[in-house]
Amino acid sequence: MEHFVDKNSIVKEIWGKSDTILLVFAGASAEFALNKAVDWLYFTGKLPKDPLGRLFTTVNYAKAIVFSEKAAALKAINNINKIHGSVEQSRGQNIPEWAYKDVLFMLIDYSIRSYELLQRPLSITEKQDVLDVFNKVGSRMGIKNLPLSHSDFKTARQTHLDQNLENSKLTKDLYQQYRKHLGVFRYHLLLESQILLLPDSVRQMLGLRKASLLTPMISVYKLFRSIKLDWMIKEVLLPSAYKQDIKRMNVT
């Protein structure tokens, strides 16, 4: 049976661990808020209304692509295109291609950053593997002129960060929604996680400090995970209403 993502791909390891996935979306939540196309998220209203629910919807699509056989993965991507097309039709305009690229680029970048933070440094070959997998997704979605090498990706990524982000009133509103849905403690946990992950230019745009209070805790978490007690930390830190959803993120 042919799969969309090779069984030995590092992407399966990255997206098979709940802690890594949660960090990916911690980083992405910052860039979603800063992106100049954030008004599209407000057009549907789904992300501001239920940011945690949207997280798990997105995770389910990602898992359908990464861990399913090829036909099912292509069906999931086609469904994403269909949803976007419906939103575009309702609004009477097209989502700009650069916005699609931005989302793809942040998933690539934060997949790498999150895994390296919690696991180990990735080789150039493994980083290229991450790029290749997401390029397959992007190509299926009809996104053109994607960077083919990891070095080209880094250049394109920085260009997008420089051109497509701004701290707007929607940025502030979306962060208020994060605080409302997460609660004060978990909201500040999100901010500290973002400090760990974000590129410097993104962190500075949000007015976040350079050093995270979580930095000393990374080694502690790795120790707990090595003796299979990381669930104790997750029990304390994660919203109880979503604990089962988070457990189901673990594939490998």
Side-chain angles (χ1 to χ4, degrees), residues 11 13-35 38 41 47-48 50-63 66 102-119 122 130 134 157 161 165 167 170-222 225 230 233-243 245-250:
V11 175
E13 186 173 344
I14 294 171
W15 281 81
K17 292 180 169 60
S18 62
D19 46 11
T20 309
I21 295 172
L22 290 171
L23 278 181
V24 170
F25 283 96
S29 64
E31 285 196 43
F32 273 126
L34 288 169
N35 198 280
V38 69
L41 301 178
L47 181 63
D50 184 15
L52 293 177
R54 294 303 297 166
L55 160 64
F56 292 109
T57 298
T58 305
V59 168
N60 287 335
Y61 273 111
K63 287 173 65 176
V66 173
D102 283 346
V103 175
L104 199 68
F105 286 0
M106 71 175 72
L107 290 175
I108 294 167
D109 194 11
Y110 291 123
S111 291
I112 293 171
R113 288 172 181 264
S114 298
Y115 186 85
E116 291 193 324
L117 181 66
L118 293 179
Q119 301 288 338
L122 292 173
V130 175
F134 281 99
R157 166 78 166 146
L161 291 178
L165 303 184
N167 195 320
L170 293 182
T171 306
K172 296 174 179 61
D173 183 77
L174 196 49
Y175 265 84
Q176 288 174 0
Q177 298 304 318
Y178 295 158
R179 185 183 181 113
K180 174 183 175 182
H181 287 85
L182 289 171
V184 175
F185 172 71
R186 293 188 179 96
Y187 172 72
H188 284 285
L189 184 64
L190 171 67
L191 296 182
E192 295 299 328
S193 299
Q194 290 176 343
I195 292 170
L196 285 171
L197 286 168
L198 296 178
D200 287 342
S201 59
V202 180
R203 178 182 51 76
Q204 291 167 6
M205 194 173 293
L206 287 168
L208 298 174
R209 75 182 109 78
K210 188 172 183 179
S212 172
L213 299 177
L214 292 180
T215 300
M217 296 301 297
I218 297 299
S219 297
V220 175
Y221 179 77
K222 289 181 178 180
R225 189 179 57 200
D230 50 308
I233 297 177
K234 293 176 183 177
E235 284 287 320
V236 174
L237 298 180
L238 301 175
S240 57
Y242 294 95
K243 284 176 182 175
D245 296 284
I246 293 166
K247 286 181 180 178
R248 283 192 288 270
M249 290 181 183
N250 293 307

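The structure displayed is predicted, hence computed values, not measured ones.
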How many angstroms lie between atom CD of Gln176 and atom OH of Tyr187, to the nearest 0.5 angstrom?
-> 8.5 Å
Results of ring pair (Phe, Tyr, Trp, His ring centres under 6.0 Å) for Phe32 - residues two or more places apart only = none
Table please: side-chain donor-acceptor pairs of residues 196-204 below 3.5 Å, with sequence neighbours left out.
unit_1, atom_1, unit_2, atom_2, d
Asp200, OD1, Arg203, NH2, 3.3
Arg203, NH1, Leu208, O, 3.3

Validation row: Val130, Ile14 side chains within 4.5 angstrom (heavy atoms) = yes
Can you list, pair by pair, the side-chain donor-acceptor contacts under 3.5 Å of residues 20-28, counting residues two or more places apart and other chains?
none

If you measure only the distance, is there a donor-acceptor pair under 3.5 Å linking the side chains of Ser114 and Gln119?
-> no
Determine, for Phe134 and Arg157, whether the Lys NZ or Arg CZ falls below 6.0 Å from the six-membered ring centre while staying within 45 degrees of the axis.
-> no
Can you find a heavy atom in the side chain of Ser29 that is under 4.5 Å from one in the side chain of Leu190?
-> yes
Sorted by chain and residue number, the salt bridge (charged side-chain N to carboxylate O under 4.0 Å, His left out) partners of Arg209 (sequence neighbours excluded) come out as Glu192
For Arg113, salt bridge (charged side-chain N to carboxylate O under 4.0 Å, His left out) partners two or more places apart = Asp109
Under 4.5 Å between any side-chain heavy atoms of Met205 and Leu161, yes or no?
-> no
Taken to the nearest 0.5 Å, the spacing of Met217 CE from Ser212 OG works out to 11.0 Å
Any Tyr221 side-chain heavy atom under 4.5 Å of Asp19 side chain | yes
Atom OG1 of Thr57 and atom CG of Asp50: how far apart are they, to the nearest 0.5 Å?
-> 7.5 Å
Check Pro216 against Val220 and note the closest heavy-atom contact, atom names and distance.
-> O-CG2, 3.9 Å
Quick one: does Leu206's side chain get under 4.5 Å of Tyr175's, heavy atoms only?
-> yes
To the nearest 0.5 angstrom, please state how far the CG atom of Leu41 sits from the CG atom of Leu174.
-> 7.0 Å
Which heavy atom in Asn167 sits nearest to a heavy atom in Leu34, and how many Å separate them?
-> CA-CD2, 3.8 Å
Looking at CG of Leu214 and CD of Gln194, how far apart are the two atoms once the value is rounded to the nearest 0.5 Å?
-> 11.0 Å
CD (Glu31) and CZ (Phe105) are apart, to the nearest 0.5 Å, by 11.5 Å
Partners meeting side chain to side chain donor-acceptor pair (under 3.5 Å) with Thr58 (sequence neighbours left out) = none
More than 12 heavy atoms of other groups within 6.0 Å of Lys222 NZ = yes
